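Structure first, commentary second.
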Amino acid sequence: MCGRYAASRGPEDLVELFEVEKWEPEETLAPDWNIAPTKNVHAVLERPLKDAEDRRPVRQLRRLTWGLVPSWAKSPDVGVKMINARAETVHEKPSFRRPFAARRCLLPGDGYYEWVTAASERQLEEQGKKKRPRKQPYFVTPADGQVMALAGLYEFWRDRTLPDDHPQAWWVTCTVVTTEAETTPLANADGGEGPQTLADIHPRMPLVMTPDKWDAWLDPARTDVADLLPLLAPPPAGLMRAYPVPTEVSNVRNNGPELVKELAAPEVGTLF
């Protein structure tokens with residue numbers, strides 16, 4: 001799954017990297033090393049500009065809220081349950097099939113966090129001696145240090161309690177597409193006691209889009225499901241590395257670059 005990630009690049013870098021044509025300075029977000037559901041995130045998407053005579057799709061950098069609210073939802077509260085969309089069923093689920101066909105986006109980040117329960121903590125839990133075992137957070141990030149482009153979907157939701165001209169009348173929300181975690185060795189796999197594959201950390205992972213797929217994924221003219229499904233294939237193996245980070249990241253109130261500092265060893269015992 002993907003329940004927390006980090007994104008520290010500024011809009012200037014993202015505009016250049018993703019060849020963005022339009023972004024509004026007022027939508028700029030500060031670097032965030034502990035992005036959790038319901039927070040605002042940067043997203044790259046393509047759609048015609050509002051009120052423009054030219055209806056061609058324009059690549060934009062937008063500010064969205066993480067947690068997709070379907071257009072037919074009665075309340076935006078459902079968004080917190082829609083932070084992830086499974087690649088295997090995204091074209092079938094009522095909440096995701098329409099945005100999958102027409103409203104796809106990329107969510108730029110530095111990497112994502114995942115938590116692993118230490119072996120000693122699991123034993124205590126199994127023995128009934130501990131109800132909430134401590135977990136060690138890991139940070140998964142591209143081995144080459146480049147931006148991680150997460151596959152996402154976005155949707156519009158109209159708040160009918162507000163007038164049309166109210167700035168919050170429309171919500172634009174998003175979700176992260178996930179897939180099965182890789183079972184091939186991580187770029188920094190060393191054969192030691194730590195995780196050697198992403199599947200050792202968690203059975204699911206966010207779907208990372210490599211640059212060769214960006215144009216096709218963002219193209220709103222591509223609406224045929226059969227044409228889109230191949231884009232959901234996982235990226236090539238060995239692109240990611242994973243390492244333990246401070247447990248402070250487990251508290252969503254904590255933020256700062258120190259949260260992605262690589263530790264020499266896990267803080268929460270032996271994991272495997």
Side-chain angles (χ1 to χ4, degrees), residues 1-23 27-29 31-35 37 39-47 57-68 83-87 90 96 99-100 102-114 139-155 172-182 186-187 198 204-220 222 228-242 260:
M1 65 175 293
C2 180
R4 208 84 65 83
Y5 70 99
S8 66
R9 265 80 167 188
E12 293 82 2
D13 292 339
L14 300 179
V15 165
E16 180 179 1
L17 176 64
F18 291 97
E19 300 180 342
V20 168
E21 299 178 70
K22 178 72 173 178
W23 73 281
E27 292 198 348
T28 297
L29 296 171
D32 194 335
W33 286 270
N34 204 352
I35 299 175
K39 276 191 171 185
N40 288 332
V41 299
H42 275 139
V44 179
L45 55 87
E46 288 186 7
R47 63 180 294 105
V58 174
R59 186 165 297 185
Q60 306 171 45
L61 181 65
R62 298 286 300 273
R63 183 177 63 194
L64 311 184
T65 300
W66 186 13
L68 189 142
I83 64 171
N84 292 161
R86 295 175 67 94
V90 68
F96 303 127
F100 175 63
R103 288 179 288 278
R104 299 174 300 278
C105 64
L106 294 171
L107 305 172
D110 303 332
Y112 70 96
Y113 300 99
E114 198 56 80
F139 190 59
V140 181
T141 186
D144 61 4
Q146 296 301 307
V147 169
M148 177 184 281
L150 306 179
L153 310 175
Y154 70 98
E155 185 58 285
V172 191
T173 60
C174 62
T175 188
V176 176
V177 179
T178 66
T179 187
E180 288 188 1
E182 295 176 0
L186 289 159
L198 288 176
R204 305 289 298 178
M205 60 178 274
L207 178 62
V208 177
M209 286 283 168
T210 48
D212 58 299
K213 290 184 177 181
W214 291 355
D215 289 347
W217 180 254
L218 294 175
D219 186 358
R222 298 175 70 121
L228 293 169
L229 288 178
L231 297 176
L232 297 174
L239 297 183
M240 304 296 160
R241 61 188 296 261
V260 298

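Count residues from 1 along the sequence. Nothing here was measured: the structure is a model prediction, and the numbers come from that model. Because only heavy atoms are used, hydrogens play no part in the values below, and waters and symmetry mates are left out as well, while side chains stay in.
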Quiz item: For the residue pair A43 and L107, what are the closest heavy atoms and their distance?
Solution: CB-CD2, 3.6 Å
Quiz prompt | side-chain contact (heavy atoms from CB on, under 4.5 Å) between F100 and L229, worked out | solution = CA-CA 10 Å; F100 175 63; L229 288 178; 4.3 Å; yes
Quiz item: NZ of K39 to OG1 of T65: how many Å apart, nearest 0.5 Å?
Solution: 12.5 Å
Quiz item: Heavy atoms, side chains only, cut-off 4.5 Å: are P235 and K213 in contact?
Solution: no
Quiz item: Hey, are the side chains of D110 and V260 touching, using non-hydrogen atoms and a 4.5 Å cut-off?
Solution: no
Quiz prompt | Straight-line distance of M148 CE to R9 CZ, nearest 0.5 Å | solution = 10.5 Å
Self-check item: Distance in Å, C2 SG paired with Y113 OH, rounded so as to fall on 0.5 Å steps
Solution: 11.0 Å
Quiz item: Between R59 and F18, is there a donor-acceptor pair closer than 3.5 Å when you use the side chain of the first and the backbone of the second?
Solution: yes
Practice problem: For A187 and A143, work out which heavy atoms get closest and say how close. | Solution: CB-CB, 3.6 Å
Quiz item: Heavy atoms, side chains only, cut-off 4.5 Å: are L14 and H42 in contact?
Solution: yes
Quiz item: Considering all heavy atoms of both residues, which atom of L218 and which atom of E46 are nearest to each other, and what is their separation?
Solution: O-CB, 3.6 Å
Self-check item: Flag side-chain contact, heavy atom, 4.5 Å: V44 against W214
Solution: no
Quiz prompt | side-chain contact (heavy atoms from CB on, under 4.5 Å) assessment of I83 paired with V176 | solution = CA-CA 6 Å; I83 64 171; V176 176; over 6 Å; no
Quiz prompt | Residue pair P236 / E182: nearest heavy atoms and the distance that separates them | solution = O-OE2, 3.9 Å
Quiz item: If we only count heavy atoms from C-beta on, is the Y112 to I35 side-chain gap below 4.5 Å?
Solution: no
Quiz item: Does any non-hydrogen side-chain atom of E27 lie less than 4.5 Å from one of L61?
Solution: no
Quiz item: Which residue pairs pass the side-chain hydrogen bond (donor to acceptor under 3.5 Å, both in side chains) test when at least one of the two sits in residues 14-23, sequence neighbours left out?
Solution: E21-R56, K22-E24
Exercise. Can you measure from OH (Y154) to CZ (R104) and round to the nearest 0.5 angstrom?
Key: 9.0 Å
Quiz item: What do the steps show when you test V208 against L239 for side-chain contact (heavy atoms from CB on, under 4.5 Å), and what is the final call?
Solution: CA-CA 10 Å; V208 177; L239 297 183; over 6 Å; no
Quiz prompt | With D212 via side chain to side chain donor-acceptor pair (under 3.5 Å) - residues at least two apart | solution = T210
Self-check item: side-chain contact (heavy atoms from CB on, under 4.5 Å) assessment of L153 paired with R103
Solution: CA-CA 6 Å; L153 310 175; R103 288 179 288 278; over 6 Å; no
Exercise. Please report the shortest heavy-atom distance between T173 and G67, naming the atom on each side.
Key: CB-O, 3.2 Å
Quiz prompt | Atom pair CG (D215) and CE (M209), whose distance is rounded to the nearest 0.5 Å | solution = 12.0 Å
Quiz prompt | Spacing of L207 atom CG and T178 atom OG1 [to the nearest 0.5 Å] | solution = 8.5 Å
Quiz item: Would you say T141 and R241 make side-chain contact, with heavy atoms under 4.5 Å?
Solution: yes
Quiz item: Should E180 and R204 count as side-chain neighbours, where that means a heavy-atom distance under 4.5 Å?
Solution: yes
Quiz item: What is the minimum heavy-atom distance between A151 and W217, and which atoms define it?
Solution: CB-CZ2, 3.8 Å
Quiz item: Looking only at atom types and distance, does a side-chain atom of Q60 sit under 3.5 Å from a main-chain N or O of R47, one as donor and one as acceptor?
Solution: yes
